[in-house]
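We count ligands from 1, going down the list as the structure has it; atoms in each ligand are counted the same way.
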Amino acid sequence: MFDLILKNATLPDGRTGLDIACAHGRIAAVERDIAAEARVVIDAKGRLVSPPFVDPHFHMDATLSLGTPRMNVSGTLLEGIALWGELKPVQSVDDIIERALRYCDLAVSMGIGAIRSHVDVCDDALKGVEALLEVRKRVAPYLDLQLVAFPQDGVFRDPTAEANLLRALDMGVDVVGGIPHFERTMQDGAASVTRLCEIAAERGLMVDMHCDESDDPMSRHVETLAYETTRLGLQGRVTGSHLTSMHSMDNYYVSKLIPLMAEAGLHAIPNPLINIMLQGRHDTYPKRRGQTRVPELRAAGITVGFGSDCVMDPWYSLGRADMLDVASMGLHVGQMSSREDMAWCFEAVTTNSAKIMGLESYGLETGDAANMVLLQASDPIEAIRLRPARLAVIRAGEVIARTPETITALDLPDRPQRLDPADYAPVAKT
Ligand code: FE2
């Protein structure tokens with residue numbers, strides 16, 4: 001007797017007609033026509049079943065704070081940082097916990113199973129750290145939450161940031177963060193990368209820095225990040241988030257830079273929704289898009305995952321925890337329109353991001369954690385196109401969220417009365 005069987009699933013790799021059996025929190029079998037019984041049986045009806053969505057870049061201490069204490073009028077990164085500075089002193093640990101838990105409810109409902117959240121350590125009381133460590137514990141049964149110690153105001157620019165960052169790591173924060181382009185000088189930025197990578201190497205931790213989130217083509221801290229990764233033997237454990245200055249860099253320089261990033265085994269996390277909103281604000285026309293060079297990074301063998309970054313906070317007033325919105329924006333901004341490229345964009349919010357986070361037992365093979373999501377779509381490209389209902393979200397072999405099918409009742413002369421948006425899939429898929 002299995003705990004759960006999902007019948008007639010299509011997997012992201014294109015395999016169809018498979019049953020997925022779950023027992024003791026693990027996937028016990030992925031085969032055709034599993035005859036055994038189960039406590040719960042779900043008919044996938046040939047629809048897409050994916051491992052959970054993974055959001056590799058988020059700010060859970062700020063989420064759902066939109067409008068407190070005021071709105072971001074200019075819409076820029078810098079006003080967002082200033083606004084966050086106004087909110088930090090007046091919010092309590094309980095406020096942060098409450099908002100974060102509400103966000104996690106929404107994330108689970110949208111099929112997200114893991115989130116890497118940066119947490120601001122530029123607060124001597126470390127309220128965000130205290131709050132998100134508590135949230136990490138509370139959501140552990142249904143959501144993997146990984147925390148990054150993020151010195152929002154600059155690890156050198158803020159006089160107490162380094163001490164606070166070390167305290168946050170001592171308290172149990174998982175990953176070392178940074179923001180070199182926000183330090184006072186280019187030299188300080190590079191020195192901050194060196195110092196933070198050394199802290200990670202000493203403690204055996206991963207690194208994930210906000211790196212070169214700027215339209216300045218001379219913001220080249222990713223070069224130092226690659227150098228320090230190699231020097232300290234951190235290959236495969238270091239991520240550059242945003243990397244938007246790469247959009248504006250000279251092509252000749254980038255032809256040297258990307259191989260150095262690949263050599264260092266760096267990972268990259270663009271955040272398409274936020275950066276298409278924030279970048280190019282000093283341009284008139286033509287306006288730069290500001291997304292890092294996703295196809296080129298991918299072609300060099302660098303693991304690229306798309307992050308959502310913000311939902312309803314000082315930097316971004318929209319968002320609904322939908323990683324398919326993120327994938328769709330990344331696809332459009334990167335002009336990744338081939339069938340192969342579009343399918344890859346689904347990987348950028350699932351398997352690639354899981355790899356960057358170092359998630360164990362992630363996937364849909366026998367022995368993997370029985371975590372998955374059933375979508376009202378036939379394949380990954382259709383999922384990005386439709387951003388459809390998450391019909392069932394499964395964690396450790398138990399259904400933890402259900403959403404009804406989106407079906408419209410039509411009342412038109414001589415036309416069908418029932419419309420399922422997923423029925424509009426293309427006739428030919430290649
Ligand atoms: Fe961020």
Side-chain angles (χ1 to χ4, degrees), residues 54-66 72 75-85 87-88 96 100 103 107 112 115-122 128-129 132 145-155 161 165 168 173-183 189 192-193 196 206-215 219 221-222 225 238-247 267-279 281 290-292 304-319 321 323 325-326 329-330 348-349 353 356-357:
V54 177
D55 186 352
H57 188 114
F58 194 62
H59 293 264
M60 201 174 281
D61 48 359
T63 193
L64 304 184
S65 67
L66 180 66
N72 181 339
T76 59
L77 173 68
L78 293 181
E79 185 175 347
I81 293 174
L83 182 46
W84 175 234
L87 176 59
K88 271 197 282 187
I96 302 168
Y103 181 78
I112 293 177
I115 299 174
R116 172 182 279 182
S117 175
H118 295 251
V119 52
D120 188 357
V121 298
C122 292
V129 172
L132 292 194
L145 178 57
Q146 191 178 73
L147 299 177
V148 185
F150 175 46
Q152 171 78 71
D153 299 331
V155 72
L165 180 136
V173 170
D174 308 279
V175 180
V176 178
I179 185 165
H181 55 279
F182 197 68
E183 302 290 353
S192 80
V193 172
L196 291 162
M206 291 188 283
V207 175
D208 186 340
M209 287 193 198
H210 287 64
C211 194
D212 304 320
E213 188 180 7
S214 160
D215 294 324
S219 187
H221 297 298
V222 64
L225 189 63
V238 177
T239 298
S241 278
H242 295 287
L243 302 172
T244 55
S245 73
M246 288 182 68
H247 184 100
H267 309 311
I269 301 180
N271 295 286
L273 292 171
I274 271 51
N275 287 126
I276 198 64
M277 186 68 96
L278 292 180
Q279 303 314 123
R281 290 286 179 133
Q291 179 160 288
T292 194
V304 181
F306 287 150
S308 74
D309 205 5
C310 302
V311 169
M312 299 178 73
D313 71 7
W315 296 275
Y316 186 65
S317 59
L318 304 174
M323 293 311 293
D325 283 343
V326 175
M329 184 61 77
V349 292
S353 292
I356 290 171
M357 283 183 65

Quiz item: If we ignore angles and hydrogens, is there a donor and acceptor under 3.5 Å between the side chains of Q279 and D215?
Solution: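 Looking only at side-chain atoms, D215 and Q279 do form a donor-acceptor pair, the distance falling under 3.5 Å.
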Self-check item: Around the Fe ion (ligand 1), number of protein N/O/S atoms which are nearer than 2.8 Å
Solution: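 If we list every protein N, O or S atom nearer than 2.8 Å to the Fe ion (ligand 1), we get 4.
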Quiz item: Mind checking whether L66 and Y316 have side chains closer than 4.5 Å, heavy atoms only?
Solution: no
Quiz item: Heavy atoms, side chains only, cut-off 4.5 Å: are Y103 and V311 in contact?
Solution: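 Yes, close enough: below the 4.5 Å cut-off.
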Quiz item: Given the rule in the side-chain contact (heavy atoms from CB on, under 4.5 Å) test, do R116 and I356 qualify, once you have shown the distances and angles that lead to the verdict?
Solution: CA-CA 10 Å; R116 172 182 279 182; I356 290 171; 4.0 Å; yes
Self-check item: H118 and H59 aromatic ring geometry - parallel, tilted or perpendicular at 30°/60° bounds
Solution: parallel
Quiz item: Is the CE atom of M312 crowded by more than 12 outside heavy atoms at less than 6.0 Å?
Solution: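 No, the 6.0 Å shell around CE holds no more than 12 heavy atoms from other groups.
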